[in-house]
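Heavy atoms only: backbone and side chains are in, while hydrogens, waters and symmetry mates are out. We number each residue from 1, following the sequence as shown. Quick caveat, the model's predicted, so the values are computed rather than measured.
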Amino acid sequence: MSSNQVRLAMVGVGNVGRSFLKLMTDKKRTLSDRYGLRLALVAAADSSGAALIAEGLDPAALLALKAKGEGVAKLKPGGLPGVTAREMIRQARADLLLEVSPTNLVDGQPGLEAMEQALELGMHVVTANKGPLVLAYSRLMALARQKGRQLRHSAAVAGACPTVNIGQRDLAGCDILRIEGIFNTTTNYILCQMTDKGKSFAEALAEAQSHGVAEADPSLDIDGWDAANKLVILANSVLGVPATLKDVQVTGIRNLKVEALQGAQAKGAAIKLLAVAAKTDGDYQFSVQPTELPLSHPLARLTAWEMGITYYTDTQGIMRAVVDEQGTIPTAAAMLRDVINIYRPDGR
């Protein structure tokens, strides 16, 4: 198979970005043999500045630098202290931008500006960053169409679980009547620990933080807003509804007690933080809240590290997908999946 080189630029070299670099290296033979792809990282930017080399940065050297807590600007050769992500994108002449900067739900920056500039310059964009998608989905997609580029974001909703891909591709032609999802690992882990092991909310949260599942400030997760962000992305990308966070009724798990969870278990049910999009009289209603599900419901049986989605349709019945994942490799793998699907020769 002939080989097609794809020049990549990356904004944000945190856990997901570094996992992508590792996969890009580990899967080099598969990418070449199966898909005819050669990926070359020609530029990267983080809070320290940028690094650019037209022939390609050394992923191993970049990973080693980040492992020492250093920024990309110290990479030799190629490091450029103080160079912004915007300037890096302008100079990189890349084919595709990987946008994995930290999620910012106030104004979407720096990810939103980076994605817009990359599209303006004719680059495809692959992202796991929820902020720009929640705040400016329609604008970004309109720009991508105008420039004849693709913006793919399957990694932004439940990691490697193909939530977006199923809705956009496999349910084409369906009327989607209802979506139910468990989209947040932190909350599902906490609820499972409380239910199965009798741990208090505080104990389960501390354990989730010790595993690196929950952030030092876990408010976005436990108050339901991370799941709400993902539901908004599905509303826009799959349902074609220009929903915002204001359209989602949100209740988190902060006030749940062990007694309530184990009481539900005793009667053959489980309480999960359920994200729902339900169609009623032609309009969708959106909610994220603790919900008691019978154990016969597939999402009720999800274990601590699992996330999942159920689509209810008019013509394709009920379709489900579940992923059991730990760490950031699955999210990075979903980004790699998006890169492959942009360039794969069969066009799928």
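Annotation for Lys27: atom NZ does not count as buried by contact number, only 12 or fewer foreign heavy atoms lying within 6.0 Å. No more than 12 heavy atoms of other residues, nucleotides or ligands shown are found within 6.0 angstrom of CD on Gln249. Crowding of Lys199 atom NZ: a count of heavy atoms from other residues, nucleotides or ligands under 6.0 Å exceeding 12. By the neighbour-count criterion of 12 heavy atoms within 6.0 Å, atom CZ of Arg7 is densely surrounded, having more than that number from other residues, nucleotides or ligands.
One N or O on the side chain of Glu325 and one on the backbone of Ala160 form a donor-acceptor pair closer than 3.5 Å. With Thr313 contributing its side chain and Asp175 its backbone, the two residues share no donor-acceptor pair below 3.5 Å. A donor-acceptor pair is defined here as one N or O able to donate and one able to accept, closer than 3.5 Å; no such pair exists between the side chain of Thr291 and the backbone of Leu274. At least one donor-acceptor pair under 3.5 Å links the side chain of Thr187 to the backbone N or O of Asn184.
Leu41 is listed as a side-chain neighbour of Leu21, based on a closest heavy-atom distance under 4.5 Å. Val250 places none of its side-chain heavy atoms less than 4.5 Å from the side chain of Gln289. Inter-residue side-chain proximity for Ser200 and Met194 is flagged as unmet; no heavy-atom pair is nearer than 4.5 Å. Looking at heavy atoms from C-beta onward, Lys279 lies out of side-chain contact with Ile176 at the 4.5 angstrom threshold. Contact of the Leu140 side chain with the Pro132 side chain is registered, since non-hydrogen atoms from C-beta on lie closer than 4.5 Å. With a 4.5 Å cut-off on side-chain heavy atoms, Lys130 and Asp226 count as touching. Side-chain contact between Ile182 and Leu273 is absent, with no heavy-atom pair separated by less than 4.5 Å. A 4.5 Å side-chain heavy-atom check between Val125 and Gln150 finds every atom pair outside the cut-off.
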Step by step, work out the salt bridge (Lys or Arg N to Asp or Glu O under 4.0 Å) result for Glu203 and Lys197. CA-CA 11 Å; Glu203 289 172 331; Lys197 299 184 179 179; over 6 Å; no
Evaluate the side-chain hydrogen bond (donor to acceptor under 3.5 Å, both in side chains) criterion for residues Ser101 and Glu99: first the C-alpha distance (whole Å), next the side-chain angles of each, then the deciding distance (0.1 Å), finally the verdict. CA-CA 6 Å; Ser101 64; Glu99 212 301 309; 2.6 Å; yes
Thr127 and Asn129: side-chain hydrogen bond (donor to acceptor under 3.5 Å, both in side chains), yes or no, with the steps? CA-CA 5 Å; Thr127 187; Asn129 187 348; 5.0 Å; no
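When only modelled atom types and interatomic distance are considered, Gln316 and Tyr311 share no side-chain donor-acceptor pair under 3.5 Å. A donor and an acceptor atom, one from each side chain of Ser48 and Asp46, are located under 3.5 Å apart. In the model, Gln117 has no side-chain atom that pairs as donor or acceptor with a side-chain atom of Glu113 under 3.5 Å. Residues Thr185 and Asn188 have side chains that never bring a donor and an acceptor to within less than 3.5 angstrom of each other. Inspection of the Arg337 and Ser154 side chains reveals an N or O donor paired with an N or O acceptor under 3.5 Å. A donor and an acceptor atom, one from each side chain of Thr303 and Glu306, are located under 3.5 Å apart. Side-chain atoms of Gln326 and His211 form no donor-acceptor pair, as typed in the model, at a separation below 3.5 Å.
Connection of Ile166 to Tyr284 is established within a shared hydrophobic cluster, with ILVMFWY side chains joined at heavy-atom distances below 4.5 Å, either directly or through further cluster members.
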